[in-house]
Amino acid sequence: MTSTELRQSFLSFFEQHGHRVVTSSSLVPADDPTLLFTNAGMNQFKDVFLGRDRRDYRRAATSQKCMRVSGKHNDLENVGPSLRHHTFFEMLGNFSFGDYFKEEAIRLAWELLTGVWKLPADRLFATVFAGDEGVPRDDEAYGYWLRVLPAARIAELGKEDNFWSMGDTGPCGRCSEIHYFRGEHLPCAEPVCRGVACSCDRYVEVWNNVFMEFDRQADKRLVPLPAPSIDTGMGLERITAIMQNTLSNYDTDLFQPLLQTISRLAGRQYGGTMGPADVSSRVIADHARAMTFLIADGVLPSNEWRGYVLRK
Ligand code: GLY
């Protein structure tokens, strides 16, 4: 499938399951001084989760333009050396505002990945929150995963991996990630690979299902949201790499035209290696996309705030 077909397939699947397909919001957050750039699909629904805004739908699906270059979610330093990180990327997401919760979110994710996209079930792993800082282990999500996965393929991790927050304040909750196993043949720098908790290329995080339950206050207290809700995020670039069977996001149809142009202009063929010239080519490809989408959303190079990030 092409990346365009995948994006459409995701949105159509959720539309068929009663979700309103909502257009991506701008990379410049509409009315949120806590955010430099839109960093997740849920940003445009923040006030809906908090009960301050209402929509005429309770289920939504989006393909959201995101930038992760600052604050809690910052991938800038990974761009170039990594084959699967970007500053700008598209996040596919489905949302429930007080409608379905964990059971249905897990069921829908599993159906799309294995039923529609036909990913081999024996290559999929899940993670659930192990319990931390007064928030208990996610017994419920663990139980739902046990319906489709053996216990050996469900990992229990702490708050770094399995508690998602948009920023220092605002909606947050325990989460459950889905990872795809690419194979033992890939290198791992650890003495013993830590599986889904490892940062090597053997396991790639595909999809994060966030069970939104709290509004974190400035004093760190977790206040329950008006209704338990769902917020999910799946990077289009990563799922495209998996579906197109490429190790690198940069080898998919989303990046190859850019890298071919960079190769032509540089007079040197991009080779997909960890060498400095290929790392630089990935940085140029990533930053060219980011700059283009920032300028399209009205940001201009300047000496301050958003414009300074673009200028750099
Ligand atoms: N909002 C879910 C995620 O960014 O992973």
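Counting starts at 1 for both ligands and their atoms, following the listed order. Computed from a prediction, not measured in an experiment: that's the story for all the values here.
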Who are the salt bridge (Lys or Arg N to Asp or Glu O under 4.0 Å) partners of Asp297, not counting sequence neighbours?
-> Lys65
Can the positive tip of Arg59 be found less than 6.0 Å from the middle of the six-membered ring of Phe14, inside 45° of the ring normal?
-> no
Candidates Met42, Gln64, Met166, Arg68; heavy atom nearest atom 4 (O) of ligand 1 found on Arg68
A student checking ligand 1 against Asp231 at a 4.0 Å heavy-atom cut-off should list atoms 1 (N), 2 (C)
Close approach, His73 and ligand 1, non-hydrogen under 4.0 angstrom | no
N/O donor-acceptor pairs under 3.5 Å from side chains in residues 220-236, not counting sequence neighbours:
residue : atom : partner : partner atom : Å
Arg221  : NE   : Asp219  : OD1          : 3.4
Arg221  : NE   : Asp219  : OD2          : 3.0
Ser229  : OG   : Ser96   : O            : 3.4
Ser229  : OG   : Gly98   : N            : 3.1
Ser229  : OG   : Ala227  : O            : 3.0
Thr232  : OG1  : Asn94   : N            : 3.1
Thr232  : OG1  : Asn94   : OD1          : 2.6
Thr232  : OG1  : Trp207  : NE1          : 2.9

Hey, are the side chains of Met166 and Leu35 touching, using non-hydrogen atoms and a 4.5 Å cut-off?
-> yes
Have a look at Val210, Asn39, Asn208 and point out the one with the heavy atom closest to atom 5 (O) of ligand 1.
-> Asn208
